[in-house]
**Q** 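If you scroll down you'll find the structure; I have some questions about it.
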Amino acid sequence: MNILVVGLNHKSASVEIREQLAFSPSRVTEALDRFRRCFPSSEVVILSTCNRVELYACSPKTSSEFTEEAIFDFLAGFHGIEKARFRENMYVYQDLEAVNHLFFVASSLDSMVLGESQIVGQVKEAYATACSQGATGKVFHQLFQQALNAAKEVHTHSKIAQGKVSISSVAVEFAERIFQDFSDKTVFIIGAGEMAELVLKSLVEQGVRAVMVSNRSYDRAVTLANEYGGKAVRFDSLEEELTKADIVISSTAAPHYVLHPEHIKSAMQRRKGTPMFLIDIAVPRDINPEVGKIENVYLYNIDDLQGVVSQNVEERTREVEKCRAMVEEEVEEFMAWMEEMKIVPAIARLRHHFHHVGKEELERLRPKLGNLSEEYWQEVVYTMERTLNKLLHRPLEVGKEEAKNGGGYRYVETIKKLFGIGHHQDSSSGDR
Amino acid sequence: MEISAYSPFWLIAVFYLLSGIWEVGRLLRPEGFSKQWADRLPLVAFILHSLFLLYLASRVENIPVTNLFESVVFLTWCVVAVFNGVEYLYGVPSLGAFLFPLVTVLGFWVLSLGDNLLSTPSNLSKFWLIAHTIPLFMGYAALTLTFVLSLMYLTQQRQLKHKFFGPLLLGLPSLESLDRLMWKTLSFGFPLLTLGLVFGIFWVKYSNILGPQWYMDPKVVMGTVTWLVYAALLHLRIGVTMHGSRVAMLNIAGFTLVLFTFLGTFFLGAQHGYKKISKEDTMIIKGIKE
């Protein structure tokens, strides 16, 4: 049994190469079919996300056609690009390494953002697609289910997926500690940078009711306001409108402060102490830091938010070792299963051998017993089967145990020698 | 009453201590303390506490406020009962982490007094005692919750002001929900407090238990001051609609007055409520009982 993964990811290849090799969902099924036509006895799963393209394949024998070169050729042929263009960016892992890789990928330990949750869904999806195309078999069922299980273990029993790791989600996290309910809150956005819009989007997803936009260019403000169902405000009337704002996101390109303590103080007086959350994403800053000292005003700048992001990323990184150990345990479990699979055919033959001998002996015995009643004869047959099963019990148990500890091959050889079995075609039991 | 009758309260106080440790642990290091125990320990403590309260009530055949110990047992029970109500209605994260340490301290404090017991006169009218004490105690309990919520508000505010992004920030509720809950518990506690005081006034007028100079009694004075502070607070919250940290700080000030009225006036040698019983008194009480 031979498991192979060929692929590239955000670390090994630039986006230009990744996009050339990526499979759109509709083309995945086509690729699976074509791969199965090239290698009929193989199992295959294709994982294609924006950060990686990977082809997992498994063949029952180490046939000469089923090599990494053959898979490169397949990819080149399918996408219609030169093999040389992506060869250097590809990684190839086999057997234990391949299993390890898949488990790492599924557990998001190989992701650009450690602990991100999307990849689990993507692996699940890739596996489900392959299943529905009939491209998977016994080995990949076990492999992918165990990989998904490993991902679940890692996510529930470690802190790898904890803590927000983007500026906008951290801003929302802070906002959630100030406000309970966003449906009656108003966001005021001054200037319209990309990051500010991301934060605004996250807040709108939380259910923020009203959005007001103010920008030096009134037209731009109107466009953005329309996009989020808000109201555009002229830059000169900013001060009056500020009173209504529960959350202010500022990201103008102004070289000086736009909001001063006086502005906020007078707004706070009219707000009667209802808290105000200010996010200053601009560099240079838009809001005078003195504003943060006003009672019931909470001011955060880009460094504050970035600081939390870095802290959370660091915490996730610290969890990697723990996760690695968890994944390795799952990998071991899978490898033990694989070993066990190796001895399965040999065990089947051993059982067949015993029962065959028993049957022969019974056939020899039957005429000698004369007109024995059917009832007694069944008793004799039953006793024979029971005896054989009892004799077989221990060798089978030992076999499983040996296989788990990596002694499957030796075990198969031994029983072959002892019982003279396995001289005929043997596909996967002992060949390596 | 013999000291041995109080010993079960040690067990209850220990359960509150464990509840406190568990809740604080869950707040600061959530992965180290299971939720199951954080739910079970306070429940066990409250059940034992309720049974003990019933036992005390059956002993005195009245509401158990015949001495300082019983009163504290009753008051803490009211506090935990109101806490359970708030938890049931609003499910406030980490409220227990702030409340149980307070209950524990009160519990151990009263246990530490040992046989230094203070008793109420035994000739009090049952009707007036109930009418005066139950609303007052429930009111105190609600205001204790207001106080605890205010502490949580100020803690969360500190986290936000100083940008401490840690388990405390993430474990505490939002400022807005704390502000709303402070308001809810206050507006539940204040009418009860008023009712208790009004019944108290009727009682002294009717039975003359505090003598003609009843309005000079420290506890009466302090009770009135406390009531005025909370009335002012309510006015500020409704009329001027003041929110945030100032309300929280006023709540804390109000609660210190509650504590002083309830426990502190004794140190001023007040006649009202409890007084230290002398050996002869004990003999007399015992004699009567036997």
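These numbers come from a predicted model, not from an experiment. By convention in this document, chain letters (A, B, ...) are assigned in the order of the sequence lines, proteins followed by strands, and residues within each chain are numbered from 1.
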**Q** Hey, which of Lys161(B), Gln156(B), Gln157(B) has the most heavy atom pairs under 4.5 Å with chain A?
**A**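 Ranked by heavy-atom pairs under 4.5 Å with chain A, first place is Lys161(B).
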**Q** For Trp183(B), I'd like to know if atom CH2 has over 12 heavy atoms of other residues, nucleotides or ligands within 6.0 Å.
**A** yes
**Q** Calculate, to the nearest 0.5 Å, the distance between atoms CZ and CG belonging to Phe174(A) and Leu170(B) respectively.
**A** 8.5 Å
**Q** Can you tell me how far OG of Ser245(B) sits from CD of Glu295(A), rounded to the nearest 0.5 angstrom?
**A**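 Between atom CD of Glu295(A) and atom OG of Ser245(B) there are 3.5 Å.
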**Q** Which atom pair, heavy atoms only, marks the closest approach of Pro275(A) to Tyr153(B)?
**A**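 That would be CG-OH, 4.3 Å.
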**Q** Using 0.5 Å steps for rounding, measure from the NZ atom of Lys163(B) to the CG atom of Leu299(A).
**A**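 Spacing of NZ (Lys163(B)) from CG (Leu299(A)) equals 5.5 Å.
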**Q** Counting only heavy atoms not in Gln145(A) (residues, nucleotides, ligands), do more than 12 fall under 6.0 Å from its CD?
**A**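 Buried by this count: over 12 neighbours within 6.0 Å.
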**Q** If I take atom CD from residue Glu173(A) and atom CG from residue Leu169(B), how far apart are they, to the nearest 0.5 angstrom?
**A** 7.5 Å
**Q** Where on Lys293(A) is there a heavy atom nearer than 4.5 Å to chain B: the side chain, the backbone, both, or neither?
**A**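 Backbone only.
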**Q** Check the surroundings of atom NZ in Lys322(A): do more than 12 heavy atoms from other residues, nucleotides or ligands lie under 6.0 Å from it?
**A** yes
**Q** Identify which part of Lys185(A) has an atom lying under 4.5 Å from any heavy atom of chain B, answering side chain, backbone, both or neither.
**A**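 Only the side chain of Lys185(A) comes within 4.5 Å of chain B.
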**Q** Please check if atom CD in Glu227(A) has more than 12 non-hydrogen atoms from other residues, nucleotides or ligands closer than 6.0 Å.
**A** yes
**Q** Taking side chain as C-beta onward, heavy atoms only, is Leu160(B) less than 4.5 Å from Phe277(A)?
**A**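 Heavy-atom side-chain distance check fails, nothing below 4.5 Å.
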**Q** To the closest 0.5 Å, what do you measure between CG (Asn312(A)) and CZ (Phe165(B))?
**A** 5.5 Å
**Q** Begin with the C-alpha distance, continue with both residues' side-chain angles, and end with the deciding distance and a verdict on salt bridge (Lys or Arg N to Asp or Glu O under 4.0 Å) for Glu176(B) and Arg177(A).
**A** CA-CA 8 Å; Glu176(B) 186 178 31; Arg177(A) 305 300 138 187; over 6 Å; no
**Q** Got a second to check how far Asn296(A)'s CG is from Asp179(B)'s CG, nearest 0.5 Å?
**A**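 The distance works out to 9.0 Å.
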**Q** Measure Ile294(A) against the heavy atoms of chain B and call it side chain, backbone, both or neither at under 4.5 Å.
**A**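 Backbone of Ile294(A) only, per the 4.5 Å heavy-atom cut-off to chain B.
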